[in-house]
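Here is the structure we will look at, set down as structure tokens.
Both counts, for ligands and for their atoms, begin at 1 and track the order of listing. Just so you know, these numbers use all the heavy atoms, side chains as well, and skip hydrogens, waters and symmetry mates.
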Amino acid sequence: MNSRIQFSDFNLSKEVGKAIEDMGFEEPSPIQALAIPLIQAGRDVTAQAQTGTGKTAAFGIPVIEKIEPTKRCVQALVLCPTRELCMQIAEEFSNLLAHLPRITVLPVYGGQPIERQLKALHSGVHIVIGTPGRIMDHLDRRTLLLGDVKMVVLDEADQMLDMGFRDDIELILKKIPQERQTLLFSATLPQPIIDISKRFQNKPEFVRVQYAELTVPQIEQCYIEVKEREKLDVLCRLIDLEDPQLAIIFCNTKRRAEELSGKVRARGYRADELHGDMKQSQRDRVMGGFRKGSIDILIATDVAARGIDVDDVDLVINFDVPQDVEYYVHRIGRTGRAGKSGKAVTFVSPRDFTKIHEIQKYAKVQLARMPVPSQSDVAETRIRAMLDKVREAVKAGGLESYVRIIEDESEGDLSTIEIAAALLKVQMELGSSGGQDEQRKQRDDIDFADTGAEVGMVRFFLAVGRMHKVAPKDIVGAIAGETGIPGKAIGAIRILDSYSFVEVPKEHATEVYSIMKERTIRNQPTGIEPAAGGNKPGRR
Ligand code: ADP
Ligand code: MG
């Protein structure tokens, strides 16, 4: 699959290796892969990577490995800007030290009673994590001695400088012996940090990760070759085949997300869209539905997806190839979170191939080619899922009354096998398992039976009319434009003062209904409903 660097490549101690495993890290993040070996080799390192890329463990792991537990003195000092960070870093260190109880860590920050810190310092801690101000306090009181420090880390260096800690930092660094390793971690590297590096680091090695997000290890990535106009069909088949709990489908524009959302809903899936122009309250409603499971497909744009924090997404589909490699990494990062497995499928149309090559090159991934799922693939998985359910039902028991019915029935001209096969067939025709078929059934249940339309057509009521300055061409334009059905296919239109009627071919009725429900005609909500029977409209 991939030949990425593994934690086992670092020759870590058993204890640290075990702790990393306990923490659920499967492989080093890119900044860890770059920084850890250099720090292990004793180099001074300046590392730049965005927030959330695992910088703490990037220095934490090699720092811990260099502590000598038998020497009871401060051997490593981590400076960071705030109390919160201090506690977070201390916690990550404690986790990494889970199997090395003899190595002790002390967070030292303002606001905490200094006496407690004094006591702890006195008993001999190995690693001190502190804010520059409080560290200065202890240095002034001579309660913290830095004479044995061999590693010093400036974490979030840019933020520390912004907060005016430059003088403190310089004073602290001057108190630490020259034969030390100086490590600098930061999300950005403005000139003042380069200056600090020049003054206090010894032949530093610069490492930088541009495409920040942790590349998620467990996730399977593939692509399907598909022409633009076949994407919708392939999408639906893929969803039926994969049967995801929660899926996110990415489109490149808000317009495409909206369009796709309507079409996917029209096919009976419980989908909703999320895009950048939505009000917070709308977003909250959609995300609420997604979390609760009343929506299982989210159709989103890159911007809109930025704030999504849901752990159970098991399928990401790139309906459009993302414009930017960074987007790709962000998108697929929506799945496979919290140690769960996930899959990302990218739709690639013939003109997208150069972009896919770029993505593979810069994101350092290999996408496997996946064949277009066929109708029979889908049927097969559905049958298999159904038979699993049958097996469960047999196991659960309580079938006596049903057994009697089948016994009675099979005394006639039907064999048990025939009955079972027919039951399976009927069940398959009803739709697959889970919530989606309820929805699909519901769709079939929408009563277009008697709307007073011509044969093969369905007549809809629209809450727009002459008073809204609506003309036939507005109705044809809106329906054809929004749903993609040809204008020619649209039938009789009758416009009255405050409402209208329109006929559309039966096979498009569901689609028209579900899409137009959320659209406007001449800036009026359509208020579309299947028309009541009788009351035949005139020709247009
Ligand atoms: P940064 O300091 O770069 O903002 P952190 O060190 O706070 O990032 O890490 C962000 C989160 O990622 C933390 O919850 C951390 O435990 C987790 N993490 C770090 N390294 C890995 C890894 N290799 N695999 C999975 N999760 C990791
Ligand atoms: Mg950090």
Side-chain angles (χ1 to χ4, degrees), residues 2 4-10 12 16-37 39-40 45-65 76-98 105 107 109 127 129-132 152-163 165 183-189 193 206-219 306 309 311 326 329-330 332-342 363-365:
N2 54 36
R4 306 168 66 100
I5 293 175
Q6 301 299 309
F7 280 116
S8 56
D9 297 331
F10 296 145
L12 300 175
V16 171
K18 180 84 176 47
I20 290 172
E21 210 180 299
D22 293 348
M23 289 163 81
F25 296 3
E26 274 155 321
E27 58 172 29
S29 69
I31 194 69
Q32 290 164 0
L34 289 169
I36 291 174
I39 302 175
Q40 284 179 319
V45 174
T46 290
Q48 181 190 7
Q50 283 180 17
T51 309
T53 50
K55 292 193 288 298
T56 316
F59 58 79
I61 292 168
V63 162
I64 283 169
E65 293 276 19
L77 175 69
V78 179
L79 293 177
C80 65
T82 64
R83 162 198 169 136
E84 285 67 38
L85 265 167
C86 219
M87 295 193 288
Q88 275 173 30
I89 297 170
E91 195 183 326
E92 186 104 334
F93 269 68
S94 305
N95 291 335
L96 288 168
L97 288 168
V105 185
Y109 45 82
I127 303 167
I129 297 164
T131 52
V152 58
V153 183
L154 308 187
D155 189 25
E156 309 283 355
D158 51 354
Q159 208 182 328
M160 286 201 286
L161 292 187
D162 283 349
M163 291 171 72
F165 285 133
L183 308 172
L184 222 150
F185 281 77
S186 196
T188 60
L189 288 186
I193 294 189
F206 284 80
V207 294
R208 178 170 174 212
V209 174
Q210 229 153 346
Y211 297 110
E213 193 102 339
L214 280 178
T215 311
V216 192
Q218 269 204 5
I219 148 167
R306 219 159 267 165
D309 57 336
D311 279 337
E326 203 160 345
V329 177
H330 279 239
I332 65 158
R334 301 295 112 200
T335 181
R337 306 221 305 182
K340 302 218 171 73
S341 63
K364 299 201 178 56
V365 292

ask   = Between the side chain of Gln48 and the main-chain N/O of Phe185, is any donor-acceptor distance below 3.5 Å?
value = no
key: Exam field: side chain Thr131 to backbone Tyr109, donor-acceptor pair closer than 3.5 Å   = no
task = Give the numbers and elements of all ligand 1 atoms closer than 4.0 Å to a heavy atom of Thr53.
result = 1 (P), 3 (O), 8 (O)
ask   = So, do Glu156 and Cys80 sit near enough that their side-chain heavy atoms are less than 4.5 Å apart?
value = no
query = Under 4.0 Å from any heavy atom of Ser29, which atoms of ligand 1 are there?
reply = 23 (N)
ask   = With a cut-off of 4.0 Å, which atoms of ligand 1 are near a heavy atom of Glu92?
value = 15 (C), 16 (O)
task = Quickly, which of Ile129, Val153, Leu154 forms a side chain to side chain contact (heavy atoms under 4.5 Å, CB included) with Leu79? Name it, please.
result = Leu154
message = I'd like to check whether Gly54 has a polar contact with ligand 1, where a contact means an N/O of the residue lying under 3.5 Å from an N/O of the ligand.
response = yes
ask   = Backbone N or O of Phe206 within a donor-acceptor pair of the Thr46 side chain at under 3.5 Å?
value = no
query = Applying a strict 4.0 Å limit to heavy atoms, is Ala49 in contact with ligand 1?
reply = no
Beyond-backbone contact of Val207 with Ile31, side-chain heavy atoms, under 4.5 angstrom = yes
request  = Please check if the side chain of Thr82 supplies one atom and the backbone of Leu85 the other of a donor-acceptor pair under 3.5 Å.
outcome  = yes
inquiry  = Out of Phe7, Phe59, Phe25, who is nearest to atom 24 (N) of ligand 1 when you count heavy atoms only?
reply    = Phe25
message = Using a plain distance cutoff, I'd like to know if Lys55 has any nitrogen or oxygen under 3.5 Å from a nitrogen or oxygen of ligand 1.
response = yes
note = For Glu27, the atoms of ligand 1 under 4.0 Å from one of its heavy atoms are 22 (C), 23 (N), 24 (N)
task = State the atoms of ligand 1, each with its element, that fall below the 4.0 Å cut-off from a heavy-atom position in Thr56.
result = 2 (O), 5 (P), 6 (O), 7 (O)
